[in-house]
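Here the structure is laid out as structure tokens; the discussion comes afterwards.
The figures that follow rest on heavy atoms only: side chains count, while hydrogens, waters and symmetry mates do not. Model, not experiment: these values are computed from the prediction.
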Amino acid sequence: MALWSSIGATQTSSACFGKCSLRNRHSRMRILLATIGSDGDLQPFYAFARRLLGEGHEVTLAANERYATRARALGIPFVSVAPPWDEAAMRPRIEKILAAPAPLRQLALVVDAFVDEERASIQGLRTLAEAADVVIHTPFFVAAAAVARVTKTKHVTVHFAPMHKASGYGPSGQNLGAWFNVLGWHLAGSMVRRATDSQLNTIVEAVGIPPWRDILLSASHSTLLDFIAVSPHVIPKDASWGEATRVCGYWFLDEPGFVPPKPLEDFVSGAEPPVVLGFGSMPAFPADAITKKIVEAVDGLRRRVVLMSGWAGLGKIPLPDHVLAADFVPHGWLFRRAACVVHHGGAGTTAAAFRAGIPQAVVWHLGDQSMWGRKVSQLGVGPKTIFHKKLTAKGLRRQIDTLLSNEGMRARAARLGAVVRAEDGLGDASRALIAVAR
């Protein structure tokens, strides 16, 4: 306890170890949340950290230094386990990933982009894991899984998109029948293993344990508790998944204290809700050309348009009066004021649009985004997804017109939104964690 408290106290002034008012001191757990990735990967961890802190647990979030300020602003004790990203060096890496011609090549490049960061985090994670009762991490944070096992600390995984072989759907997200689904996953698993195991095992071996097999789709997953933080009305639990896998519902970060800039608040407060456009952490290069394509697509549209700048820096050129560029805005605040949203298909952005109950269109770039685009279409809350390299101004305008005019789509989105808002993913996850971690 002393080590854990001293770590938290030295890293953030918001730590309350040993000082919190608790219902039952003996029920308090020391929980390490560890993750890696972009802003969208951190948002659910912020939400779960706040939930667990509110229940009286001792919580530390371990991630890249670039997230320290945000975590502390939310009152979350934070420990940096890797140096901050070099934005100038990271952008060409991401552009190289997006330019790769095949999904497996993209995945291999994604692993290459973070494997050094994971190896650099091992010592910090080991110290934290030794003082924790349980470690919660994403399957991509292989260092956290390996450290938890070598220190014999219980560990729990959380997925924001399922990375599980299934009988109810294939690797593309489509249901081809149980036999073909299983065969598809077998083939996909073999290809993923060949593309990523070698690099990821440099992390495992750096921890000091023998190499693993099938790391991303199996070996990094917890056999104690394996969360899929997605609404069961969006992705039900597959019949082939084990007892440890739990579809618990989304982990939304609510920010009731958010105060929007006055120009944005005025802009979205008109008689008709605006269209929202943005591609999140995807650097949609070249940014000015993409912005011009968007402006062409909404020319003559009798709706205001909010353009979320994102990492790409969209909206830096002169814009027409009915288009407003916005930097960071919480999706929960913006989407519930929107008529519809066009986005890149990130798991968190898709979930936020589901929750808002608005139609959405996905212009996917890489990874699981194509799967989320197909899921949006399958649920009937958006049109067919588009690959970003095939996006045209005319095609984008057709997507927007469909989102605004299709009443059936709008009704289905509203019904799904009501269902998702009624769920308590954070509460379900917390109760399951306490039940198994003891």
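- For R397, the salt bridge (charged side-chain N to carboxylate O under 4.0 Å, His left out) criterion is met by D401, not counting sequence neighbours.
- Between V156 and V134 the shortest side-chain heavy-atom distance falls below 4.5 Å.
- A search for salt bridge (charged side-chain N to carboxylate O under 4.0 Å, His left out) contacts involving R246 returns D428, not counting sequence neighbours.
- With sequence neighbours excluded, no residue forms a side-chain hydrogen bond (donor to acceptor under 3.5 Å, both in side chains) with T35.
- P273 meets the side-chain contact (heavy atoms from CB on, under 4.5 Å) test with R303, A339; sequence neighbours excluded.
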Please assess F354 against Q360 for the test side-chain contact (heavy atoms from CB on, under 4.5 Å), listing each intermediate value before the final yes or no. CA-CA 8 Å; F354 285 151; Q360 56 183 303; 3.2 Å; yes
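- Shown here are the salt bridge (charged side-chain N to carboxylate O under 4.0 Å, His left out) partners of D299, two or more places apart in sequence or in another chain: there are none.
- A distance-only check finds no donor-acceptor pair linking the side chain of H137 to the backbone of V135 [under 3.5 Å].
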Should L61 and Y67 be marked as a side-chain contact (heavy atoms from CB on, under 4.5 Å) after you check the CA-CA gap, both sets of side-chain angles, and the distance that decides it? CA-CA 10 Å; L61 175 62; Y67 301 111; over 6 Å; no
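- Residues satisfying the side-chain hydrogen bond (donor to acceptor under 3.5 Å, both in side chains) criterion with T157, sequence neighbours excluded, are D226.
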CA sep, side-chain torsions, deciding dist, call: L33, I76, side-chain contact (heavy atoms from CB on, under 4.5 Å): CA-CA 11 Å; L33 298 170; I76 300 168; over 6 Å; no
Show every donor-acceptor pair shorter than 3.5 Å between a side-chain atom in residues 250-259 and any protein atom, with sequence neighbours excluded, or say none if there are none.
unit_1	atom_1	unit_2	atom_2	d
D254	OD1	R355	NH1	2.9
D254	OD1	R355	NH2	3.3
D254	OD2	R355	NH2	3.3
E255	OE1	R70	NH1	3.2
E255	OE1	R70	NH2	2.9
E255	OE2	R70	NH2	2.9

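- Remark: R119 pairs with D116 by the salt bridge (charged side-chain N to carboxylate O under 4.0 Å, His left out) rule, at least two apart or across chains.
- The aromatic rings of H221 and H164 are tilted relative to each other, their planes meeting at an angle between 30° and 60°.
- In this view, S218 satisfies the side-chain hydrogen bond (donor to acceptor under 3.5 Å, both in side chains) rule with no residue, not counting sequence neighbours.
- Residues forming a side-chain hydrogen bond (donor to acceptor under 3.5 Å, both in side chains) with T392 (at least two apart in sequence, or on another chain): none.
- Using a distance-only test at 3.5 Å, with no hydrogens or angles considered, no donor-acceptor pair links the side chain of K384 to the main chain of G373.
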Could you pull out all donor-acceptor pairs under 3.5 Å where a side-chain atom in residues 314-333 meets a protein atom, sequence neighbours excluded?
unit_1	atom_1	unit_2	atom_2	d
H322	NE2	V298	O	3.0

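- Between C340 and the choices V276, L403, T402, the side chain to side chain contact (heavy atoms under 4.5 Å, CB included) rule is met once, by L403.
- For the residue pair D238 / S167, a side-chain donor-acceptor distance below 3.5 Å is found, with atom types taken as modelled.
- Counting only residues at least two apart or in different chains, salt bridge (Lys or Arg N to Asp or Glu O under 4.0 Å) contacts with residues 356-369 are absent.
- A distance of 11.5 Å separates NZ in K154 from CG in L225, rounded to the nearest 0.5 Å.
- A salt bridge is defined here as a Lys NZ or Arg NE, NH1 or NH2 lying under 4.0 Å from an Asp or Glu carboxylate O, and K292 with D288 fails to meet this definition.
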